[in-house]
Student: 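Just passing along the structure, written as structure tokens.
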Amino acid sequence: MNNKLFVGGLSWGTTDKELMEAFSPYGTVTEAKVIKERDSGRSRGFGFVTFDTEAEATAAAEALNDTELDGRSLRVDFAHDKR
DNA sequence: GTTGAGCGTT
């Protein structure tokens, strides 16, 4: 499953809904979430977006990578199984 | 009330 996308460079106020709104038009988003502090709930500034297919994920990554969202430079790439 | 490369939780 290579449809997981790592999304970084998000603003502190950006949420999972914003990611969904930004990645939905590029394909079917099965999972869109912004990672936040588990203890305080503050945004970590990055998130994960999973598409229905790898082709959609690639298209979205190439489309939104190095672009701008919420006033911040977006950094989209394929997610790893943990670094 | 802060920060700015990275890779999550159920």
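Below, all heavy atoms of this structure are taken into account, side chains as well, without hydrogens, waters or symmetry copies. In what follows, chains carry the letters A, B, and so on, assigned in the order in which the sequence lines appear, proteins first and then strands, with residues in each chain numbered from 1.
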Student: Is a donor from one side chain sitting under 3.5 angstrom from an acceptor on the other, for A/D70 and A/S11?
Tutor: yes

Student: With heavy atoms under 4.0 Å as the rule, sort A/K36 into base, sugar-phosphate or nothing.
Tutor: nothing

Student: Within this structure, what is the CZ-to-P distance between A/R72 and B/dA5, rounded to whole angstrom?
Tutor: 12 Å

Student: Counting the atoms with a prime plus P, OP1 and OP2 as sugar-phosphate, which does A/G9 contact under 4.0 Å by heavy atoms, base, sugar-phosphate, or nothing?
Tutor: base

Student: Inspect the surroundings of CZ in A/R72 and state if more than 12 heavy atoms from other residues, nucleotides or ligands are less than 6.0 Å away.
Tutor: no

Student: Measure distances between side-chain N and O atoms of A/R42 and base N and O atoms of B/dT2, and say whether any donor-acceptor pair falls under 3.5 Å.
Tutor: yes

Student: Where the side chain of A/T50 is concerned, which of B/dG4, B/dG8, B/dG6 is the nearest nucleotide?
Tutor: B/dG8

Student: Can you tell me how far P of B/dA5 sits from CZ of A/R75, to the nearest Å?
Tutor: 8 Å

Student: Mark yes or no for whether A/E54, through its side chain, and A/N2, through its backbone, hold a donor-acceptor pair below 3.5 Å.
Tutor: no

Student: Less than 5.5 Å between centroids and less than 30° between ring planes, does A/F48 satisfy that with B/dG8?
Tutor: yes

Student: Looking for any heavy atom pair under 4.0 Å, which part of the strands does A/L10 touch: base, sugar-phosphate only, or nothing?
Tutor: base

Student: Are A/L74 and A/F48 linked, directly or through intermediate hydrophobic residues, by side-chain heavy-atom contacts shorter than 4.5 Å (ILVMFWY only)?
Tutor: no

Student: Can you figure out which of B/dG4, B/dG6, B/dG8 approaches the side chain of A/F6 most closely?
Tutor: B/dG6

Student: Provide, to the nearest angstrom, the distance between the CZ atom belonging to A/F78 and the C1' atom belonging to B/dG6.
Tutor: 18 Å

Student: Rounded to whole Å, how long is the line connecting atom CG of A/L74 with atom P of B/dG4?
Tutor: 19 Å

Student: I need the NZ-C1' distance between A/K4 and B/dG6, as an integer number of Å.
Tutor: 16 Å

Student: Testing the basics here: between A/L10 and A/L69, what is the closest heavy-atom pair and its distance to 0.1 Å?
Tutor: CD2-CD2, 4.1 Å

Student: Rounded to whole angstroms, how far apart are CH2 on A/W12 and P on B/dT2?
Tutor: 10 Å

Student: Starting at CZ of A/F46 and ending at P of B/dA5, how long is that distance when rounded to a whole Å?
Tutor: 14 Å

Student: Whole angstroms only, please: what is the CG-C1' distance between A/D16 and B/dT9?
Tutor: 12 Å

Student: Between A/R38 and A/G8, which has a closest nucleotide on DNA chain B that is more 5'?
Tutor: A/G8

